[in-house]
Amino acid sequence: MTAKLIKGTEIQKEILEEIGKEVKEIKEKHNVVPGLVTILVGESPASISYVTLKIKTANALGFKEIQENQPDDISEADLLALIDKYNKDESINGILVQLPLPKHIDDKKVLNAIDPDKDVDGFHPVNVGRLMIGGSEVKFPPCTPYGIQEMIVRAGVETKGAEVVVVGRSNIVGKPIANMMVQKGRGANATVTIVHTGTQDLASHCKRADILIVAAGVPELVKPEWIKPGSCVIDVGVNRVGEKISEKTGKKIAILKGDVDFDKAKEIAGYITPVPGGVGPMTITMLMLNTLKSLKFKLGISS
Ligand code: NAD
């Protein structure tokens with residue numbers, strides 16, 4: 001059997017079109033657009049490229065976008081003051097601080113300073129608590145898990161009553177996606193197991209998964225024989241395993257591999273996400289959706 005590919009690039013296009021349409025409607029009706037500020041500290045090439053993509057996407061959707069590029073040696077107090085400024089700015093609905101921050105800055109302190117109602121990354125303890133409670137309490141699910149859930153729903157995979165196994169217990173992927181899948185409601189209502197480095201028999205858990213979500217950061221950790229035939233495999237892992245010359249640009253690019261042995265797994269699974277082009281594009285998409293939602297909450301628009 002050859003699995004159906006769940007392509008993040010295609011789902012991203014669909015969702016961005018929906019967001020763009022809503023932005024236009026809200027602008028016509030309320031004369032306001034979602035406002036996002038991206039705060040970048042220092043000049044790490046990886047961070048610059050992530051932020052640049054976020055800015056480009058926000059601009060293409062018609063958002064108000066403010067770029068705050070700060071030097072590497074900005075003091076923690078100055079960064080906190082900057083966040084406070086945007087917490088008070090009525091035209092800003094989302095505040096994004098690009099991680100990692102330089103060592104002299106306490107990133108927890110910085111993230112916790114963001115107004116929870118503008119915390120579109122969903123990392124503030126208040127939003128983590130809201131996610132845990134579930135239902136109408138939830139405001140901003142963290143972007144990667146939010147994207148994973150949306151991919152599963154849009155691929156038409158049944159989650160109600162499904163056995164979901166999540167490999168990895170990080171605060172940004174493993175724990176929140178497990179928490180989301182266990183709630184009542186759309187794209188959830190599943191029986192969830194989290195496995196991690198302390199788990200004794202990883203294989204036996206993976207083997208019974210109807211939906212296997214892997215976020216370990218270990219190339220090809222999941223072996224083909226661990227995959228239940230016909231199941232849905234979501235590979236979150238992005239691992240650089242080497243370099244190659246791009247046929248398109250002639251430049252050196254990274255060779256990326258997921259946490260699942262894709263070539264063999266696709267012959268066993270019913271659905272599978274590729275790496276790259278799977279979960280990757282969804283994170284930025286859901287950041288845009290959270291920023292739109294933040295404006296809608298403010299305007300009292302439901303759905
Ligand atoms: P992390 O390092 O914070 O957490 C990894 C988790 O996997 C840990 O909880 C650990 O217990 C578990 N783990 C590691 N090795 C294991 C093993 N051998 N057996 C069982 N469990 C094991 O990583 P993270 O931030 O959650 O990211 C995981 C992967 O997902 C990385 O490759 C990362 O690059 C990728 N990622 C992709 C996106 C995206 O595509 N948008 C977003 C976030 C993370």
Side-chain angles (χ1 to χ4, degrees), residues 5-12 15-16 44-47 49-54 57 96-101 107-108 111 120-123 128 131 140-152 164-181 192-209 212-223 225-227 233-242 253-262 265 272-290:
L5 270 190
I6 309 179
K7 292 185 187 160
T9 39
E10 283 176 8
I11 300 175
Q12 173 184 51
I15 299 176
L16 290 181
S44 137
S47 293
S49 84
Y50 291 138
V51 166
T52 306
L53 201 57
K54 287 168 189 171
T57 311
L96 178 122
V97 178
Q98 186 63 45
L99 298 177
L101 290 170
D107 52 7
K108 234 188 232 168
L111 295 181
V120 285
D121 255 339
F123 294 151
V128 176
L131 194 78
F140 309 118
C143 302
T144 303
Y146 197 7
I148 294 169
Q149 189 181 42
E150 202 55 38
M151 294 178 100
I152 295 171
V164 172
V165 175
V166 178
V167 184
R169 56 179 158 185
S170 72
N171 287 329
I172 63 164
V173 190
K175 279 194 271 184
I177 188 63
N179 182 30
M180 288 162 76
M181 301 298 292
V192 181
T193 306
I194 306 181
V195 296
H196 44 75
T197 43
T199 300
Q200 286 196 359
D201 186 356
L202 207 59
S204 71
H205 290 285
C206 293
K207 279 178 184 171
R208 61 181 164 72
L212 180 62
I213 301 169
V214 195
V218 180
E220 300 188 344
L221 170 71
V222 171
K223 310 294 170 231
E225 59 274 20
W226 299 5
I227 290 166
V233 178
I234 306 289
D235 190 352
V236 191
V238 181
N239 306 292
R240 286 168 188 261
V241 295
I253 53 166
I255 301 173
L256 301 178
K257 269 207 187 313
D259 289 351
V260 177
D261 182 343
F262 178 82
I272 193 164
T273 58
V275 178
V279 175
M282 295 302 292
T283 303
I284 200 165
T285 307
M286 305 321 269
L287 176 74
M288 299 302 139
L289 187 59
N290 273 345

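Start at 1 and go down the list; that is how both ligands and their atoms are numbered. Nothing here was measured: the structure is a model prediction, and the numbers come from that model.
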Taken in chain and number order and not counting sequence neighbours, the residues that satisfy side chain to side chain contact (heavy atoms under 4.5 Å, CB included) with I253 are K244, S246

Under 4.0 Å from ligand 1, residues with heavy atoms, in chain and number order, are T144, G168, R169, S170, I172, V173, H196, T197, L202, A215, A216, G217, V218, L221, V236, G237, V238, N239, G280, T283

Separation between CD1 (I148) and CE (M181), nearest 0.5 Å, reads 9.5 Å

Q. Between D121 (side chain) and C143 (backbone), is there a donor-acceptor pair under 3.5 Å?
A. no

Distance col, row K207:NZ vs D201:CG, nearest 0.5 angstrom, shows 7.5 Å

When rounded to the nearest 0.5 Å, the distance separating CG of L221 from CG of L202 is 5.5 Å

Around K257, counting heavy atoms of other residues, nucleotides and ligands shown, do more than 12 lie under 6.0 Å from its NZ?
no

